[in-house]
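The block underneath contains the structure these notes are about, expressed in structure tokens.
Chain letters run A, B, ... following the sequence lines, proteins first, then strands; residues in each count from 1. Worth knowing before you read on, the calculation uses all heavy atoms, side chains too, and leaves out hydrogens, waters and symmetry mates.
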Amino acid sequence: MERVKINRLLESQKPIDKVIVKGWVRTKRDSKEFSFMELNDGSCLKNIQIIADSQLENYSQIGAITTGSAVAVEGRLVESPGKGQKWEIHADKVDVISIAPEDYPLQKKRHSDEFLRTVAHLRPRTNKYGALFRIRSEMAYAIHKFYHSKGFRYLHTPIITGSDCEGAGEMFRVTTLNPTLENPNFSKDFFGCEANLTVSGQLSAEMFALALGDVYTFGPTFRAENSNTSRHVAEFWMVEPEMAFCDLNGNMDHAQELLKYLVTYAVENCSDDIALFTDFVDKELSKLLDTLINEEYARISYNDAVELLLKSGKKFEYKVVKGGDLQSEHERFLAEEYFKKPLFLINYPKEIKAFYMRLNDDGKSVAAVDLLVPRIGELIGGSQREERLDVLQKRLEEVGLSKEQYWWYLDSRRFGSVPHAGFGMGFERLLMLITGITNIRDVVPFPRTPGNIDF
RNA sequence: UCCUCAGUAGCUCAGUCGGCAGAGCAAGUGGCUGUUAACCACUGGGUCCGCGGUUCAAAUCCGUGCUGGGGAGCCA
């Protein structure tokens with residue numbers, strides 16, 4: 001007989017004479033006559049209560065079961081007379097698969113996120129992290145489902161790249177050379193030149209958007225920045241759609257549709273797990289999720305945003321400087337206090353943005369877009385791409401990048417170039433937004449940050 | 001990398017003016033109970049983050065290093 005997962009059993013409409021469940025004991029309460037066990041198998045947030053009668057032949061062995069132990073239970077699914085659960089299992093047989101000794105780190109009480117980070121290998125066994133990682137899995141599926149339904153093609157862009165200056169941040173070197181070499185000769189290296197881990201699949205994705213029409217990537221991304229914040233990790237996942245025949249407005253329409261779809265999907269398909277976060281992690285979360293689903297996201301130009309900040313009368317720690325980057329506090333003010341919902345910030349000065357962003361007619365700004373959301377800040381960064389060969393070449397020169405290295409990228413603007421646009425959405429930041437978790441290290445199974453690669 | 005706060009029992013934390021190391025929970029033992037963050041009693045449990053200094057005496061003051069939180073920059 002096959003084991004049944006607890007999420008299926010709890011959906012049962014009627015008692016079942018014989019079931020087998022296997023899982024880990026969350027807590028146990030003993031008496032002389034019987035023992036109550038809360039069993040969790042990871043299939044859902046809820047446990048199922050097992051009643052083991054003292055008549056069972058191995059009752060003394062059952063007495064030794066501790067929090068964290070693994071058991072297999074065969075028994076009858078019956079309606080529970082007790083409060084707190086509809087169903088329970090009266091065990092006919094309890095097999096102890098393994099006993100967790102007394103130094104099992106997870107107690108049946110709330111632990112701090114900081115402590116659980118030190119036991120990242122065990123934290124998915126807690127309610128909060130179990131719920132989170134189920135949601136993470138569902139969101140990954142929802143991304144593919146969304147794009148498949150819209151006719152986008154899923155593209156696998158290289159993880160090892162040869163371009164060393166994509167401009168998206170410091171890179172991790174990939175080499176087979178002896179690491180103690182002081183002056184590595186990259187012509188002797190595996191690829192015959194310097195190689196790094198990707199910081200973005202965008203440039204590759206553009207090539208495929210200009211062939212397959214609409215494409216997206218969804219995969220790992222690496223940044224070797226010495227960032228120590230609650231919003232940055234060295235290895236993270238990013239969704240990068242790239243759309244041919246699409247301008248900046250189409251890009252924003254798409255981003256809004258994507259985010260609304262994903263939040264709706266989470267609310268509808270992960271309701272029990274989401275409820276844990278709305279009830280215990282962030283009391284304001286329900287309201288925010290409603291806003292994300294129902295409100296039109298604001299759209300405002302960089303210039304208008306700067307004016308708005310200057311006129312706001314708000315005391316900022318850092319001055320608002322026209323032409324400069326907005327500080328975190330400025331972005332938070334816009335998203336959390338002024339608009340109180342996500343906003344697209346567009347048309348940034350070209351000086352503070354990447355070379356591939358399309359130059360606007362004013363010659364000063366580029367068709368860039370950032371989506372700023374409450375609490376997180378930048379969730380999405382993208383642009384309409386510069387499709388005009390001459391303008392793109394001039395921009396490369398301006399920022400001091402070599403045309404030779406980008407020969408294939410420039411080629412795409414020589415042969416059938418079309419307006420196109422895309423963006424990158426941080427998958428972990430999306431999860432933070434949906435769950436209210438405030439530290440990105442807590443939405444990654446085994447997070448990588450400067451000085452930390454345990455597990 | 002910078003600013004800032006913290007590090008005391010397995011976990012969460014208290015520890016006053018520098019003067020014997022504490023609580024709750026967890027764990028162990030026993031009891032009780034259709035229990036459900038169960039309950040009651042008892043017991044065990046400490047490199048007070050490391051190193052150095054001041055002092056008769058340091059968890060406490062000073063220096064330094066490490067680790068972690070929050071904020072900033074970089075960005076997704």
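- When the side-chain nitrogen and oxygen atoms of Gln85(A) are compared with OP1 and OP2 of rU36(B), none of them lie within a distance under 4.0 Å.
- Side-chain to base pairing of His111(A) with rC11(B): no donor and acceptor N or O lie closer than 3.5 Å to each other.
- With C1' as the reference atom, rC25(B) and rG52(B) are 37 Å apart, rounded to whole Å.
- Phe236(A) qualifies as a stacking partner of the rA76(B) base, centre to centre under 5.5 Å and near-parallel within 30°.
- At a cut-off of 3.5 angstrom, the base of rU1(B) holds at least one donor-acceptor pair with the side chain of Asn228(A).
- Neither OP1 nor OP2 of rG71(B) sits under 4.0 Å from any side-chain N or O of Arg231(A).
- Side-chain to base pairing of Glu88(A) with rG34(B): one donor and one acceptor N or O lie within less than 3.5 Å of each other.
- Sorted by first then second residue, the side chain to side chain donor-acceptor pair (under 3.5 Å) pairs that include residues 331-345 of chain A, not counting sequence neighbours, are Lys314(A)-Glu337(A).
- Regarding contacts with the backbone of rG71(B), every side-chain N or O of Arg332(A) stays at 4.0 angstrom or more from both OP1 and OP2.
- Across all strands shown, Glu102(A) has heavy atoms under 4.0 Å from sugar-phosphate atoms exclusively, and none from any base.
- Looking at Arg29(A), its side chain has no donor and acceptor atom pair within 3.5 Å of the base of rC32(B).
- Remark: Thr221(A) is not in phosphate contact with rA76(B), judged by side-chain N or O atoms under 4.0 Å from OP1 or OP2.
- The base-pairing partner of rU29(B), taking Watson-Crick or G-U wobble contacts with both distances under 3.5 Å, is rA41(B).
- If you check distances only, the side chain of Ser227(A) does reach the base of rC74(B) with a donor-acceptor pair under 3.5 Å.
- Mapped onto RNA chain B by nearest heavy atom, His90(A) and Thr438(A) fall at different nucleotides, with His90(A) at the one closer to the 5' end.
- Judged by atom type and distance alone, Arg110(A) does not reach the base of rA37(B) through any side-chain donor-acceptor pair under 3.5 Å.
- The aromatic ring centres of Tyr216(A) and His144(A) sit less than 6.0 Å apart.
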